[in-house]
Amino acid sequence: MGRVLSTVTPDVDGIASVVIEFLAELQEKTAAQVRTELEDGGAELPVDSLLIVEILTRVEERYSIAIPADRQSAEATRSVRAFARAVREAIIERQQP
């Protein structure tokens, strides 16, 4: 069954939570453990960019978007919040007529 696209744009915190859930699955940890580890690194929730790249496909499928492979996107993989902002921008662009 196909995923129904929402007309509501998720906020950065909501997207960050989804990213953290995917990171937790990948690392076989709870979302709370991953969030605590990331918060210890600072407010932007810095993360190993290789982990973000590994979940990129999941996020693209979840939100029916494509994140371009450019410098701006590469910089967005440095933290969960930066990545969440890039995802939100891609969602907004997809919603434009």
Side-chain angles (χ1 to χ4, degrees):
M1 200 186 309
R3 188 177 289 275
V4 175
L5 297 179
S6 173
T7 57
V8 176
T9 304
D11 63 11
V12 170
D13 287 337
I15 296 167
S17 292
V18 169
V19 171
I20 289 170
E21 288 173 25
F22 287 152
L23 286 168
E25 286 176 25
L26 191 63
Q27 297 176 326
E28 297 180 355
K29 297 178 180 178
T30 68
Q33 288 173 311
V34 171
R35 182 176 290 280
T36 298
E37 290 172 8
L38 294 172
E39 286 173 348
D40 287 346
E44 279 293 300
L45 308 176
V47 67
D48 179 338
S49 60
L50 290 176
L51 288 175
I52 287 288
V53 171
E54 287 189 40
I55 64 164
L56 177 61
T57 303
R58 292 184 191 192
V59 170
E60 287 178 330
E61 288 175 2
R62 165 96 181 220
Y63 293 108
S64 300
I65 58 168
I67 303 292
D70 59 16
R71 182 177 177 178
Q72 182 179 356
S73 296
E75 290 174 0
T77 63
R78 294 183 182 163
S79 76
V80 171
R81 289 206 180 277
F83 186 68
R85 285 190 293 272
V87 169
R88 187 168 192 278
E89 287 174 19
I91 292 169
I92 290 168
E93 286 177 18
R94 182 202 69 217
Q95 293 173 341
Q96 299 302 314

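Contact annotation: the side chain of L45 approaches that of I20 to within less than 4.5 Å [non-hydrogen atoms, C-beta and beyond]. Between I91 and I15 there is a side-chain heavy-atom pair separated by less than 4.5 Å. Within the 4.5 Å cutoff, the side chain of V47 has no heavy atoms near those of the F83 side chain. Taking the side chain as every heavy atom from C-beta outward, V59 and I52 never approach each other to under 4.5 Å. Residues D13 and R81 have side chains in contact (heavy-atom distance under 4.5 Å, counting atoms from C-beta outward). Under the 4.5 Å side-chain criterion, counting only non-hydrogen atoms from C-beta, P46 is not in contact with L38.
Qualifying side-chain hydrogen bond (donor to acceptor under 3.5 Å, both in side chains) partners for Q27, counting only residues two or more places apart in sequence or in other chains: none. Looking at residues two or more places apart in sequence or on another chain, you find a side-chain hydrogen bond (donor to acceptor under 3.5 Å, both in side chains) between T30 and Q33.
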Report the C-alpha distance between E89 and Q72 in whole Å, list the side-chain angles of each, state the deciding distance to 0.1 Å, and finish with yes or no for side-chain contact (heavy atoms from CB on, under 4.5 Å). CA-CA 12 Å; E89 287 174 19; Q72 182 179 356; 3.7 Å; yes
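The backbone N or O of I92 lies less than 3.5 Å from a partner atom in the side chain of Q96, making a donor-acceptor pair. Checking side-chain atoms of R94 against main-chain N and O of Y63 turns up a donor-acceptor pair under 3.5 Å. Between the side chain of S73 and the backbone N or O of P68 there is at least one donor-acceptor pair closer than 3.5 Å.
Taking all atoms of both residues into account, the shortest heavy-atom contact from A16 to A84 is N-CB, 3.8 Å.
Note on residues 32-46: pairs passing salt bridge (Lys or Arg N to Asp or Glu O under 4.0 Å), not counting sequence neighbours, are K29-E37, E44-R85.
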